[in-house]
**Q** 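Dumping the structure here so I can ask a few things about it.
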Amino acid sequence: MQHSSIHWFRKGLRLHDNPALLAAATDCCCLHPLFILNPSSSQAGTNAQRFLLDALRDLDGSLQKIGSRLFVVRGCPEEVFPSLFHAWGTTRLTFEVDTEPSARQRDATVAKLAAQHGVEVIQEVSHTLYDTERVLALNEGKAPLTYKRLQSLLATLGPPEKPAPALTQEHLQGCHTPCQASHDTDYGVPNLEELGQDPTNVGPHLYPGGETAALTRLDALMERTAWVCSFQKPRTAPTSLSPSTTVLSPYLKFGCLSVRTFWWRLDQVYQGQEHSQPPTSLHGQLLWREFFYTAGASIPNFDRMVGNPVCLQVDWDNNPQHLHAWREGQTGYPFIDAIMTQLRTEGWIHHLARHAVACFLTRGDLWVSWEEGLKVFEELLLDADWSLNAGNWLWLSGSAFFHQYFRVYSPVAFGKKTDRDGAYIRKYVPILKDFPAEYIYEPWKAPRAVQERAGCLVGTHYPQPIVEHGVASKRNLGRMKVAHARKGNKSPMRHQAHFTSSCHPSCLSLPQAPSESHWLVPQWPNHKGKSPRPRGSEPHKDIQAVVSYGSCTTCPVLTHFAQPPCINPFPSPSLRLATWLLPPPQKSTPTPSTCPKKVCHPSI
DNA sequence: CGCTTTGTTGGCTAT
DNA sequence: CATAGCCAACAAAGC
């Protein structure tokens with residue numbers, strides 16, 4: 001039987017490893033490669049749309065080389081297909097399985113329409129390493145919620161399938177694509193203006209879209225055997241001026257590159273070599289992708305908080321000003337602002353840079369819902385991938401998968417680890433480029449003269465920090481604690497929790513409050529050992545200080561030293577021990593509000 | 001793939 | 001030479 005096939009491209013914008021496309025070409029006399037452009041359904045920004053158009057042009061070019069063409073049709077699939085089936089005399093429709101809930105709904109509708117028109121439907125899995133349905137079935141229909149769990153499930157399935165051969169001219173022997181002279185005007189790939197995008201709005205064309213670019217990039221990376229084998233994601237730098245990771249993610253998102261092709265190419269490079277392992281290796285990265293795809297395919301309302309069974313319910317603030325400042329790179333934290341600028345202009349940022357800004361927006365500093373961040377990433381990232389985007393926002397906001405919410409990224413310290421001089425900031429926030437390294441991460445701390453010399457006054461040319469990280473992150477830690485406490489059927493928060501966010505731990509060991517003021521006598525262990533010098537004995541032996549109790553009845557306030565302090569007058573071990581000497585404080589219950597940091601922490 | 005504070009260790013210098 | 005003090009580097013704890 002000779003079919004008239006439509007292969008419907010959505011993701012999977014490639015000829016290699018495209019089993020559904022091969023199925024379309026089998027026993028086929030007439031092939032229509034189709035892409036349906038539905039601009040109203042896309043949240044993608046200008047850079048991402050350019051990437052898509054690149055990919056479509058590349059695909060059309062590749063199809064032309066083997067004697068076919070791409071048909072780009074505007075509209076929504078549910079409305080477009082009936083007329084296409086009719087006009088093209090279609091008997092078979094093929095497409096790649098898309099696991100996203102909205103896509104599945106769309107595809108179910110289209111499959112129904114096809115059945116009504118007597119059109120056979122063939123769907124093939126090739127966007128993920130494994131058939132997510134199979135993985136879910138292995139796990140009693142539920143998404144594995146840890147990476148380890150996924151790994152053990154996949155271990156029973158064995159390695160992923162090998163990629164299917166690329167479509168070639170030979171596959172299309174006797175198969176014809178009917179093309180009019182008016183093809184370009186009727187079905188051509190549009191440009192940005194036609195999509196309602198301002199073409200002057202695009203950034204540098206660093207990552208051109210398409211299968212050809214994807215395979216070229218893959219080839220170049222696979223040349224670097226040592227780099228591939230030693231790859232460990234946490235050791236790559238978010239501040240690198242040229243990407244320290246593969247930047248294959250945009251190509252994987254659109255399916256310009258097959259994940260199975262990538263997997264097996266890595267496997268080839270690994271052969272006979274010592275190499276890193278999941279989760280940090282490059283194979284490990286592809287498994288993370290699989291992890292979130294599996295989660296996104298089965299967890300209801302995966303991209304929302306409400307109605308999402310794995311998501312911590314948090315009382316995020318509605319704060320459009322903060323959200324806007326974050327999006328536009330105007331937070332006053334240079335590292336955050338640099339990352340957001342790179343995102344807006346180039347459409348790709350390093351994974352750890354995403355960590356830093358996602359944490360900052362949500363649980364770290366601004367306490368804005370991760371759903372808002374997700375929408376911004378959806379628009380600005382070339383690789384915005386529904387499952388990965390939602391999954392990682394859940395992760396970074398501490399809403400699911402990741403529960404150690406007290407691990408907060410510092411907008412100041414994190415970037416310094418890999419970029420002490422702030423070259424990354426200087427590149428993306430050039431107004432700060434002349435600040436000395438000492439102040440580049442915290443320009444507001446620079447003395448006026450330094451700011452003047454740098455040609456940038458904080459508060460005038462560059463914003464003051466919109467929040468004080470130290471204060472905001474501590475407050476948010478408390479709010480996360482509340483969210484977690486509400487979640488479980490655990491007992492109500494212990495009294496201690498009130499202290500710990502704002503008071504020195506040593507406060508807690510004071511049984512009762514004293515009536516007046518008291519001598520604080522540092523103590524230290526006796527050193528009778530044989531070591532020539534007792535380690536840890538540096539604290540001065542005879543320092544005494546006066547403490548009193550202010551408005552906070554449990555936190556001692558260091559009033560003054562009884563003797564002029566030496567250089568290191570009051571090291572903490574002494575203080576800890578000294579607190580034991582204090583008379584017990586009252587039993588009244590202080591709240592954080594009556595116990596501000598300043599009262600509890602004199603300049604000790 | 002967290003940060004900060006606190007604690008330990010060994011090297012070094014001045015006395 | 002023994003000792004006190006300082007420092008950097010690292011480890012551990014606690015949030």
Side-chain angles (χ1 to χ4, degrees), chain A residues 146-147 231-239 244-245 276 278-281 284-285 287-288 291 333 335 339 349-360 362-365 391-398 401-418 441-442 469-482 484 493-494 496-509 522 524-525 527 529-543 566-579 592 597 600-601 603-604:
Chain A
T146 66
Y147 190 85
F231 184 94
Q232 288 184 272
K233 187 65 158 283
R235 295 199 188 163
T236 58
T239 49
S244 59
T245 52
S276 52
T280 59
S281 65
Q285 303 313 299
L287 294 176
W288 277 117
F291 177 78
Y333 284 93
F335 183 54
I339 295 168
I349 51 179
H350 186 278
H351 183 66
L352 294 181
R354 303 180 196 203
H355 281 215
V357 295
C359 183
F360 187 87
T362 58
R363 67 188 169 88
D365 294 83
N392 279 300
W393 276 101
L394 283 162
W395 184 294
L396 265 303
S397 65
F401 308 118
F402 174 82
H403 308 287
Q404 288 158 301
Y405 55 86
F406 41 82
R407 291 188 184 176
V408 178
Y409 290 89
S410 161
V412 171
F414 190 63
K416 278 188 190 169
K417 282 197 291 192
T418 51
Y441 285 87
E442 308 169 273
H469 174 69
V471 175
S473 63
K474 279 190 190 69
R475 188 194 66 141
N476 294 348
L477 224 55
R479 294 175 80 168
M480 280 305 271
K481 211 171 274 185
V482 169
H484 277 274
M493 261 191 305
R494 281 171 308 147
Q496 277 194 349
H498 286 291
F499 294 97
T500 50
S501 61
S502 55
C503 300
H504 192 282
S506 61
C507 301
L508 297 175
S509 51
W524 62 96
H527 295 278
K530 290 162 199 161
S531 65
R533 173 174 60 87
R535 292 291 177 191
S537 68
E538 280 89 351
H540 298 260
K541 295 180 183 178
D542 298 319
I543 297 297
C566 301
I567 294 164
N568 183 16
F570 222 72
S572 54
S574 319
L575 177 61
R576 278 223 178 137
L577 288 162
T579 58
K597 195 182 166 195
C600 297
H601 295 267
S603 54
I604 293 176

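Everything quoted here is computed from the prediction, not taken from an experiment. Numbers restart at 1 for each chain; the letters A, B, ... are given by sequence-line order, proteins then strands.
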**Q** Please give, in whole Å, the distance from B:dC1 C1' to A:Arg407 CZ?
**A** 8 Å
**Q** Please report the distance, rounded to the nearest Å, between NE2 in A:His351 and P in B:dC1.
**A**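 Rounded to the whole Å, the gap is 12 Å.
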**Q** In this structure, how many angstroms lie between the P atom of B:dC3 and the NZ atom of A:Lys416, rounded?
**A** 11 Å
**Q** With heavy atoms under 4.0 Å as the rule, sort A:Phe414 into base, sugar-phosphate or nothing.
**A** sugar-phosphate
**Q** Between A:Met480 (CE) and C:dC15 (C1'), how many Å, whole number?
**A** 14 Å
**Q** Report the distance from atom OH of A:Tyr441 to atom P of B:dC3, rounded to the nearest whole Å.
**A**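 My rounded result for the distance is 12 Å.
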**Q** Can you tell me which nucleotide in B:dC1, B:dC3, B:dG2 comes closest to the side chain of A:Phe406?
**A**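 Nucleotide nearest to A:Phe406's side chain: B:dG2.
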**Q** Report yes or no: does A:Tyr409 contribute a side-chain atom to a donor-acceptor pair with the main-chain N or O of A:Leu352 at less than 3.5 Å?
**A** no
**Q** Which pair of heavy atoms, one from A:Ser244 and one from A:His350, lies closest together, and at what distance?
**A**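 For A:Ser244 and A:His350, the tightest heavy-atom pair comes out as OG-CD2, 3.2 Å.
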**Q** Is a donor on one side and an acceptor on the other found under 3.5 Å between the side chain of A:Tyr441 and the backbone of A:Gly415?
**A**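 The answer is yes, because a donor-acceptor pair under 3.5 Å joins these two groups.
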**Q** In whole Å, what is the span from the NE2 atom of A:His484 to the P atom of C:dC15?
**A**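 Going from A:His484 (NE2) to C:dC15 (P), I get 16 Å.
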**Q** OP1 or OP2 of B:dC3 less than 4.0 angstrom from a side-chain nitrogen or oxygen of A:Lys417, does that happen here?
**A** yes
**Q** Please state how far atom CZ in A:Phe231 lies from atom C1' in B:dC1, giving the value in whole angstrom units.
**A** 12 Å
**Q** Sequence neighbours left out, what passes side chain to side chain donor-acceptor pair (under 3.5 Å) with A:Arg475? Give chain and number order.
**A** none
**Q** Which whole-number value in Å describes the distance from A:Phe335 CZ to B:dG2 P?
**A** 13 Å
